[in-house]
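Okay, structure first, notes after.
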Amino acid sequence: MVTEHTQAGSAKPAAQGTYRMVIIAHPDDAEFTCAGTVARWIKEGLQVVYVVCTDGSRGSNEPNMPPQRMAPIRRAEQLEAAGILGVQSTIFLNHEDGTLQPTLELRRELTRLVRRFKPDTVICADPTRHFHRDEYVNHPDHRAAGEAALYAIFPSAVTRFVFPELLDEGLEPHKVRQIYLYGSPEPNTFVDISDTIELKIAALRAHRSQVTSEYAEARLRDWNGSLGRNHGVAFAEEFRRITLR
Ligand SMILES: [Zn+2]
């Protein structure tokens, strides 16, 4: 079941083109990867909507934290993080954590949201990343969410008669202008997040079931600091940016 939460006090409808959308697999993915950019865009006056594909319910290996207990905790943590950043709406598609697949059903759900919010820019995971260095296997949920998001953006959102049932809901085709892929093996752009690193740290800290306060701070200062050094700024996030013509 899809659930939707709107920030109190920011429910005014956005003009077309002012929305940006972040599509992620799990609560906390955005805070690890792109929340500095999200915070910067919001400071610049853009409105951001989060779409979280899974319920995060498998986020603990503790025997006393089964999925049905974990899911509401992760939802609350994600909403707290979104509130810190100023994200206007957070939508949970509530697929089962750990077994997400890039199905046509997921693609249709994401197409529906792209046509409804009409974002000019979407952030999602690069589905081509299988490994990070020789020390990390990318979670398949990340790749599934990234693949479904990309194909929702193109061709589904722009092609009138793909998912014709969406037309019956009044959802006309929409063309996204650019895609920012996080976690890409081939980044081609960066965003200076020096002014929003503190917000990013605070937002990641909200995911208390996943990270300690100390880890959140050390991890982001170290990681985004080293990316920043690559580009001559204090803190940065890197993306592969695709501009659709
Ligand atoms: Zn994740």
Side-chain angles (χ1 to χ4, degrees), residues 2-56 59 71-95 97 109-110 112-125 141-142 145-146 149 152-153 174 176-183 191-193 195-211 216 220 224 235 237 239:
V2 177
T3 52
E4 185 163 341
H5 306 260
T6 301
Q7 277 290 114
S10 64
K12 64 181 186 321
Q16 182 171 343
T18 62
Y19 262 114
R20 298 199 160 182
M21 181 173 278
V22 179
I23 298 173
I24 50 178
H26 308 121
D28 83 10
D29 287 352
E31 283 66 48
F32 272 111
T33 60
C34 62
T37 299
V38 166
R40 184 177 162 156
W41 287 345
I42 291 167
K43 275 174 175 266
E44 290 170 358
L46 296 161
Q47 305 216 49
V48 174
V49 55
Y50 271 6
V51 180
V52 187
C53 294
T54 78
D55 58 9
I73 293 171
R74 302 223 45 203
R75 195 177 310 123
E77 290 173 346
Q78 182 64 88
L79 290 174
E80 183 180 335
I84 288 166
L85 299 167
V87 169
Q88 201 219 10
S89 290
T90 303
I91 296 166
F92 296 91
L93 301 182
N94 290 314
H95 290 274
D97 182 10
E109 287 179 295
L110 295 174
R112 177 181 286 118
L113 293 170
V114 169
R115 287 194 183 184
R116 181 180 141 201
F117 284 93
K118 301 179 173 19
D120 73 331
T121 301
V122 176
I123 298 181
C124 63
D141 289 356
H142 298 159
I153 292 165
H174 172 71
V176 171
R177 195 168 53 85
Q178 55 181 357
I179 307 166
Y180 281 62
L181 299 171
Y182 66 77
V191 175
D192 181 355
I193 63 160
D195 290 341
T196 54
I197 183 72
E198 303 304 332
L199 277 171
K200 182 177 185 182
I201 291 168
L204 182 58
R205 278 178 168 153
H207 297 279
R208 279 172 220 92
S209 71
Q210 305 300 303
V211 292
L220 296 185
N224 294 121
F235 296 98
E237 290 170 343
F239 301 92

Ignoring hydrogens, what is the shortest heavy-atom contact between I42 and L85? Give both atom names and the distance.
CD1-O, 3.2 Å
Student check: side-chain heavy atoms of F117 and I91 closer than 4.5 Å
yes
On a heavy-atom basis, the closest approach of G36 and T196 is O-OG1, 2.8 Å
If we only count heavy atoms from C-beta on, is the I24 to C53 side-chain gap below 4.5 Å?
no
Going by salt bridge (Lys or Arg N to Asp or Glu O under 4.0 Å), name the pairs with one or both residues in residues 26-36, residues two or more places apart or in two chains.
D28-R74
Could you grab the distance from atom CD1 of I73 to atom CD of Q78, nearest 0.5 Å is fine?
14.5 Å
Checking side chain to side chain donor-acceptor pair (under 3.5 Å) against Y19, which of Q47, K118, Q88 comes through?
Q88
Do F32 and V211 come within less than 4.5 Å of each other through their side chains, counting heavy atoms only?
yes
Please find the pair of heavy atoms, one from A202 and one from I84, that lie closest to each other, and give the distance.
O-CD1, 3.5 Å
Is a donor from one side chain sitting under 3.5 angstrom from an acceptor on the other, for E109 and H95?
yes
Spacing of L220 atom CG and I197 atom CD1 [to the nearest 0.5 Å]
5.5 Å
Those residues that, when tested against S89, pass side-chain hydrogen bond (donor to acceptor under 3.5 Å, both in side chains) (two or more places apart)
none
Taking atom CE of M21 and atom OH of Y50, what is their separation to the nearest 0.5 Å?
13.0 Å
For residues C124 and I179, report the shortest heavy-atom separation together with the two atoms involved.
SG-CG2, 4.1 Å
Does one side chain, of S209 or E77, offer a donor that lies under 3.5 Å from an acceptor on the other?
yes
Output every pair passing salt bridge (Lys or Arg N to Asp or Glu O under 4.0 Å) with a member in residues 43-55, not counting sequence neighbours, ordered by first then second residue.
R40-E44
My understanding is that only residues two or more places apart in sequence, or in another chain, count here; which of them pass side-chain hydrogen bond (donor to acceptor under 3.5 Å, both in side chains) with H5?
none
T54 side chain to A25 main-chain N or O, any donor-acceptor pair under 3.5 Å?
yes
Less than 4.5 Å apart, side chain to side chain, heavy atoms only: is that true for W41 and V22?
no
Salt bridge (Lys or Arg N to Asp or Glu O under 4.0 Å): pairs with one or both residues in residues 200-209, sequence neighbours excluded
E80-R208, K200-E237, R205-E217
Heavy-atom check, side chain of R20 versus side chain of D120, under 4.5 Å:
yes
Are side-chain heavy atoms of L93 and L113 found at a separation under 4.5 Å?
yes
Straight-line distance of T37 OG1 to Y182 OH, nearest 0.5 Å:
12.5 Å
Counterpart residues, side-chain hydrogen bond (donor to acceptor under 3.5 Å, both in side chains), relative to Q178 (two or more places apart)
T121
Do P119 and H174 touch side chain to side chain, with heavy atoms closer than 4.5 Å?
yes
